[in-house]
Chemist: 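Shown below is the structure under consideration.
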Amino acid sequence: MQRSRVKDILNREAAGGPVLVQGWVKTRRSSGAVSFIQISDGSTLKDLQIVVEQSSPHYALVESLNTGCSVSVTGELVESQGRGQKYEVNAQTVQLLGPADPEEYPLQKKRHTLEFLREIAHLRPRTNTFGAMARVRNGMAYAIHRFFQERGFQYIQTPMITASDAEGAGSMFRVTTLDLQEPPRRDGAVDAAEDFFGRPTYLTVSGQLEAEIFALALSDVYTFGPTFRAENSNTSRHLAEFWMVEPEVAFCDLDGLAELAEDFLKDIFRYALDNCAEDMAFFNQWYDKSTIATLEGIINSSFERLTYTEAVKLLESSGESFEFPVAWGLDLQSEHERYLTEKRVGRPVVVTDYPRGIKAFYMRLNDDGETVRAMDVLVPRIGEIIGGSQREERPDILLERMQQAGLDAANYWWYLDLRRYGTVPHAGFGLGFERTVQFATGMQNIRDVIPFPRTPKNVEF
RNA sequence: UCCCCAGUAGCUCAGCGGUAGAGCGGGCGGCUGUUAACCGCUAGGUCGCAGGUUCGAAUCCUGCCUGGGGAGCCA
C-alpha cells in the first residue's frame with residue numbers, strides 16, 4: 001500500500017478505504033478500552049488521530065508509544081466519533097519505526113519557549129510552530145520565483161565567493177585555504193598571492209553587481225540566494241547568513257522599480273494568505289493577532305511615496321521627541337522609520353531620493369547634484385524590508401563617485417565596462433527573505449524564520 | 001560593539017544571607033471515546049563558571065561565559 005500524507009487524507013471527500021500513514025507521535029492518550037495516537041507527518045499543521053482498540057494485538061505496543069516516536073500505521077479511514085477532527089483511522093496494524101526515550105526526548109506536549117527550541121534546532125521542525133514556518137517559508141520562496149517567472153525575468157545564479165567588496169560596505173567573511181597557523185608571508189604581511197585564488201577573497205554580501213551584468217544583456221533578471229555579513233550584529237533582525245532576492249531591470253527608472261517592489265510584495269503576501277492559510281492562521285492566533293489583517297491591508301492599499309526631503313520635514317514637524325536628531329543629510333534611524341510607517345502612514349512607505357553622502361556610490365545622481373535615486377521600502381515593525389536604487393549608468397559620473405568613495409576603480413574595471421559599452425538606464429532592489437517571512441508570520445525574532453540561523457557565536461547546526 | 005535584564009529539576013519559574021520548592025514533563029497505579037484528557041503516588045538539582053565578602057552564599061560583590069530585549073550597522 002502506498003503511504004498517504006496526512007494532509008491528503010484530511011482533505012478527502014469522504015471517509016472509507018484502507019490507508020497507510022507514517023509519521024511522528026505528537027501525543028498519545030488512553031481511555032478505557034481505547035488508545036488515541038496523534039500523529040503528524042509535517043504535510044500539514046493538523047494531526048491525524050489513530051484509534052486503537054484494546055482488543056488489538058498491537059495494543060501493548062501502542063500503550064508504550066510516547067511523544068517523538070515514529071510509527072507506521074495501517075487501518076481504515078472513518079468518520080470520527082469524537083469532536084475535534086473530521087476523520088480518524090481505525091488501526092489494524094501499528095509498527096514502531098523508531099523509539100524516542102521519553103526520559104531524554106526534549107520535546108513535550110506543552111509549549112516550549114522559542115529560546116529553548118533554538119538550542120534543539122535539529123528537533124524543532126517537529127513542532128507546530130517550526131513546521132508551519134517551514135511551509136510558509138517554502139510557499140513564499142515559490143511565490144517569489146513564480147512572480148518573476150510570470151513576468152519573464154531570468155533567474156541568475158551569482159557567485160558566493162567574490163574578490164570585490166560590493167558597496168564597500170559591511171565586514172565580509174574571508175575565504176582562504178592558507179594555513180592560519182603559519183601563513184606564507186611577503187615583506188611581513190600575509191601573502192595573498194599564495195592563496196587559492198591568488199588574491200584575497202570573501203563570501204559575497206550581494207549579487208547585485210553580477211546581476212547588473214546580466215540585466216545589461218537579458219534585460220530582466222533576478223537572483224535569489226544566500227548572502228553573508230560578518231557584522232557583529234546582535235538583534236532580532238540580523239543574521240550573518242541570510243537569503244536575498246535581487247531583481248535587476250534594464251530600461252527601468254526608480255519609479256518603475258518602486259512599482260515593481262510594490263507589486264512584488266503584494267503578490268507574495270497574497271500567495272502566503274491564499275496558499276498557506278492554515279499555517280498563517282496559526283501564526284495569527286499564537287504569535288501576532290494582527291498579522292493577517294496587516295497583510296490584507298497591505299495588499300489592498302497603495303504604498304505611500306515620500307522623498308527623503310519630505311520625510312525629514314514630516315519628522316521635524318511631527319512633535320515627536322526622538323532619541324536621535326532629525327536633520328537633512330543625516331540617515332533615518334530605526335525610530336524615524338517606524339514613526340513614518342507605523343504612526344504617520346500606517347502602511348508601507350517608499351522613501352526615495354536620499355542625500356548622496358549616505359548612500360552607495362553606484363546610485364544614480366539626481367540633477368540637483370545632492371541626492372541620489374535610492375529607495376527604501378519601510379514596513380511596520382520591521383522597518384526597512386527593501387533597499388534599492390536606479391543605478392548610475394553614466395561612466396564619467398560613476399567613476400567620479402567611486403573615487404569620492406575611496407574605491408580603486410581598477411578593481412571594478414568590468415563594472416565600468418558596462419557603462420562604457422552599451423550602457424542603459426537600469427535599476428534594482430534587494431529584499432531580505434528572512435525579514436519578509438518574519439514580517440508575514442509575525443515572528444518576533446529572525447532566528448525563528450530560518451532553519452539554521454547563523455549569528456555571532458552560533459553555528460551548532 | 002554599546003546599554004539593560006536573566007541564567008535554580010528535562011521544560012517554565014518561585015525562593016533573594018540561616019537545611020533547595022511548585023507546576024508541567026518522566027516513572028508507577030487508577031479512571032473515563034479521549035482532544036496539550038483527568039486523579040493519586042513517586043523519582044529527579046555541584047542553584048551558569050571562577051574568585052571574593054561572611055560564622056554561614058542560590059541569595060551580597062568582582063570577572064568571565066551563555067541567552068534575551070533595545071541601539072548601531074544593515075536586508
Side-chain angles (χ1 to χ4, degrees), chain A residues 26-38 46-54 64 66-68 78-85 88 90 100-120 123 127-128 166-167 169-171 205-208 226-246 261 286 322-324 331-338 358-360 376-379 382-388 429-439 444-450 455-458 460:
Chain A
K26 274 272 178 61
T27 71
R28 201 210 91 250
R29 347 169 239 284
S30 293
S31 187
V34 195
S35 200
F36 300 92
I37 316 168
Q38 300 285 139
K46 292 197 183 81
D47 301 329
L48 180 64
Q49 177 161 284
I50 311 295
V51 183
V52 188
E53 301 285 341
Q54 196 166 31
S64 74
N66 54 274
T67 303
V78 298
E79 305 259 342
S80 179
Q81 295 176 32
R83 278 181 231 149
Q85 59 280 319
E88 62 191 20
N90 277 338
D101 184 350
E103 297 267 17
E104 294 176 6
Y105 188 65
L107 291 177
Q108 303 173 2
K109 299 176 209 179
K110 64 168 192 168
R111 291 182 77 187
H112 286 106
T113 60
L114 295 170
E115 290 81 7
F116 172 66
L117 292 174
R118 276 174 220 147
E119 297 172 5
I120 49 169
L123 296 172
T127 64
N128 288 338
E167 315 178 26
S171 312
V205 297
S206 165
Q208 178 199 318
T227 51
F228 308 88
R229 304 283 164 90
E231 303 283 354
N232 189 13
S233 296
N234 293 286
T235 82
S236 58
R237 305 182 312 283
H238 289 84
L239 292 165
E241 176 182 300
F242 64 98
W243 287 64
M244 192 148 63
V245 179
E246 296 180 284
W286 295 104
F322 295 112
E323 186 184 348
F324 290 91
D331 208 353
L332 301 180
Q333 302 292 316
S334 289
E335 58 175 345
H336 306 144
E337 294 179 347
R338 294 187 66 153
I358 58 174
K359 288 292 181 183
D376 283 355
V377 180
L378 312 177
V379 295
I382 301 285
E384 182 181 344
I385 196 170
I386 281 179
F429 66 75
L431 167 105
F433 183 52
E434 282 74 20
R435 285 192 183 173
T436 309
V437 176
Q438 192 183 358
F439 178 71
Q444 295 286 310
N445 197 309
I446 200 166
R447 296 171 185 124
D448 299 323
V449 297
I450 187 169
T455 53
K457 306 283 193 293
N458 184 357
E460 182 67 21

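Naming: A, B, ... by sequence-line order, numbering from 1 per chain.
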Chemist: Roughly how many Å apart are B/G26 and B/A37, using the P atom of each and rounding to a whole number?
Modeler: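 One P to the other, the span is 9 Å.
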Chemist: Rounding to an integer number of angstrom, what distance separates B/G29 and B/C64 when you compare their C1' atoms?
Modeler: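 Straight-line distance between the two C1' atoms is 49 Å.
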Chemist: Return a single string for nucleotides 24-34 of chain B, one symbol per nucleotide in 5' to 3' order, where B is base contact, S is sugar-phosphate-only contact and - is none, cutoff 4.0 angstrom on heavy atoms.
Modeler: BSSS----BBB
Chemist: Using whole Å, report how far NE2 of A/H336 lies from P of B/C73.
Modeler: 11 Å
Chemist: Would you say the side-chain atoms of A/R118 pair up with the backbone N or O of A/D448, donor to acceptor, closer than 3.5 Å?
Modeler: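 Here the side-chain-to-backbone pair does not exist.
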Chemist: Could you please spell out the steps behind the side chain to side chain contact (heavy atoms under 4.5 Å, CB included) verdict for A/H238 and A/E434?
Modeler: CA-CA 9 Å; A/H238 289 84; A/E434 282 74 20; over 6 Å; no
Chemist: Under 4.5 Å between any side-chain heavy atoms of A/T455 and A/R447, yes or no?
Modeler: yes
Chemist: Once rounded to the nearest 0.5 Å, what's the spacing between atom CD of A/Q49 and atom CZ of A/R28?
Modeler: 12.5 Å
Chemist: Using atom C1' in both nucleotides, what's the gap between B/A43 and B/G25 to the nearest angstrom?
Modeler: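 The answer is 13 Å between these two C1' atoms.
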Chemist: Write down the partner of B/A71 under the Watson-Crick or G-U wobble criteria, each distance required to be under 3.5 Å.
Modeler: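 Paired with B/U1.
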Chemist: If B/A6 has a Watson-Crick or G-U wobble mate with both distances under 3.5 Å, name it; if not, just say none.
Modeler: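 B/U66 is the nucleotide pairing with B/A6.
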Chemist: Rounded to the nearest angstrom, tell me the gap between atom CD in A/Q208 and atom C1' in B/C74.
Modeler: 14 Å
Chemist: OP1, OP2 of B/A37 versus side-chain N and O of A/R28: anything below 4.0 Å?
Modeler: no
Chemist: Let's test this: given Watson-Crick or G-U wobble pairing with both distances under 3.5 Å, identify the partner of B/G51.
Modeler: B/C61
Chemist: For a quick check of understanding: with a heavy-atom distance under 4.0 Å over all strands, which category does A/K457 fall into, base, sugar-phosphate or nothing?
Modeler: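 Sugar-phosphate contact only - A/K457 comes under 4.0 Å of backbone atoms but never of a base.
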Chemist: Which part of the nucleic acid, if any, lies within contact of A/F242, taking any heavy atom under 4.0 Å across all strands shown: a base, the sugar-phosphate backbone alone, or nothing?
Modeler: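 Base contact.
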Chemist: Hey, does the side chain of A/T113 come within less than 4.0 Å of B/U12's phosphate (OP1/OP2), counting only N and O?
Modeler: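 Result: yes.
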Chemist: Can you name the closest pair of heavy atoms from A/E88 and A/S80 and give their distance?
Modeler: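 Closest heavy-atom pair between A/E88 and A/S80: OE1-OG, 2.8 Å.
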Chemist: C1' atom, B/C13 versus B/G18: distance in rounded Å?
Modeler: 24 Å
Chemist: Do any side-chain nitrogens or oxygens of A/S334 fall under 4.0 Å of OP1 or OP2 in B/G72?
Modeler: yes
Chemist: Measuring from A/L431:CG to A/T436:OG1, what's the distance to the nearest 0.5 Å?
Modeler: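 The OG1 atom of A/T436 is 3.5 Å from CG of A/L431, to the nearest 0.5 Å.
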Chemist: If I pick the C1' atom on B/G45 and the same atom on B/U19, what distance separates them, to the nearest angstrom?
Modeler: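 15 Å, rounded to whole Å.
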Chemist: Of A/M244 and A/N458, whose nearest nucleotide on RNA chain B comes first from the 5' end?
Modeler: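 The residue mapped nearer the 5' terminus is A/N458.
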Chemist: Please check the phosphate of B/G69 (OP1 and OP2 only) for any side-chain N or O of A/N445 closer than 4.0 Å.
Modeler: yes
Chemist: Could you encode protein contacts along nucleotides 41-50 of chain B as a string, one character per nucleotide from 5' to 3', using B for base contact, S for sugar-phosphate-only contact and - for no contact, with a heavy-atom cut-off of under 4.0 Å?
Modeler: ----------
Chemist: Sticking with atom P, work out how far B/G63 lies from B/G70, rounded to a whole angstrom.
Modeler: 25 Å
Chemist: Decide yes or no, distance alone: a donor-acceptor N/O pair under 3.5 angstrom between the base of B/C74 and the side-chain of A/H238.
Modeler: yes
Chemist: Ignoring hydrogens and angles, tell me if any N or O in the side chain of A/T113 forms a donor-acceptor pair with the backbone of A/F116 under 3.5 Å.
Modeler: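 Yes: the side chain of A/T113 pairs with the backbone of A/F116.
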Chemist: Assess, by modelled atom type and distance only, whether the side chains of A/Q444 and A/S236 contain a donor and an acceptor separated by less than 3.5 Å.
Modeler: no
Chemist: Counting only N and O atoms by type, is there a donor-acceptor contact under 3.5 Å from the side chain of A/S233 to the main-chain atoms of A/T235?
Modeler: no
Chemist: For B/A57 versus B/U53, give the span between their C1' atoms, rounded off to a whole number of Å.
Modeler: 10 Å
Chemist: For A/L239, which contact category applies under a 4.0 Å heavy-atom criterion: base, sugar-phosphate, or nothing?
Modeler: base
Chemist: Under 4.0 Å from OP1 or OP2 of B/G70: is there any side-chain N or O of A/R237 that close?
Modeler: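 No, outside the criterion.
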Chemist: Whole Å only: how far is the CD atom of A/E119 from the P atom of B/U12?
Modeler: 8 Å
Chemist: Please state whether the phosphate of B/G70, meaning OP1 or OP2, lies under 4.0 angstrom from any side-chain nitrogen or oxygen of A/S236.
Modeler: yes
Chemist: Rounded to whole angstrom, note down the C1' distance from B/A20 over to B/C28.
Modeler: 25 Å
Chemist: Measure CD/A/E115 against C1'/B/C5 and give the value in whole Å, please.
Modeler: 13 Å
Chemist: Atom CD1 of A/I37 to atom P of B/A37: distance rounded to whole Å?
Modeler: 13 Å
Chemist: Between the base of B/U35 and the side chain of A/D47, is there a donor and acceptor pair under 3.5 angstrom?
Modeler: no
Chemist: May I have the step-by-step check of side chain to side chain contact (heavy atoms under 4.5 Å, CB included) for A/T67 and A/Q108, ending in yes or no?
Modeler: CA-CA 7 Å; A/T67 303; A/Q108 303 173 2; over 6 Å; no
Chemist: Which base sits across from B/U19 as a Watson-Crick or G-U pair, both distances under 3.5 Å?
Modeler: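 Paired with no nucleotide.
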Chemist: So, for A/H336 and A/F324, is the gap between ring centers shorter than 6.0 Å?
Modeler: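 Centroid distance A/H336-A/F324: not below 6.0 Å, so no.
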Chemist: Do A/S233 side-chain and B/C74 base share a donor-acceptor contact under 3.5 Å?
Modeler: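 No, no donor-acceptor pair under 3.5 Å.
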Chemist: Write down the distance between CZ (A/R338) and P (B/G69), rounded to a whole number of angstrom.
Modeler: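 Going from CZ in A/R338 over to P in B/G69 covers 13 Å.
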Chemist: With rounding to the nearest 0.5 Å, note down the distance linking CG in A/N66 to CG in A/D101.
Modeler: 7.5 Å
Chemist: Please give, in whole Å, the distance from B/A9 P to A/E104 CD?
Modeler: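 The answer, rounded to whole Å, is 18 Å.
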Chemist: A/R118 has an atom CZ; how far is it from atom P of B/C11, in whole Å?
Modeler: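 Spelled out: CZ on A/R118 to P on B/C11 is 16 Å.
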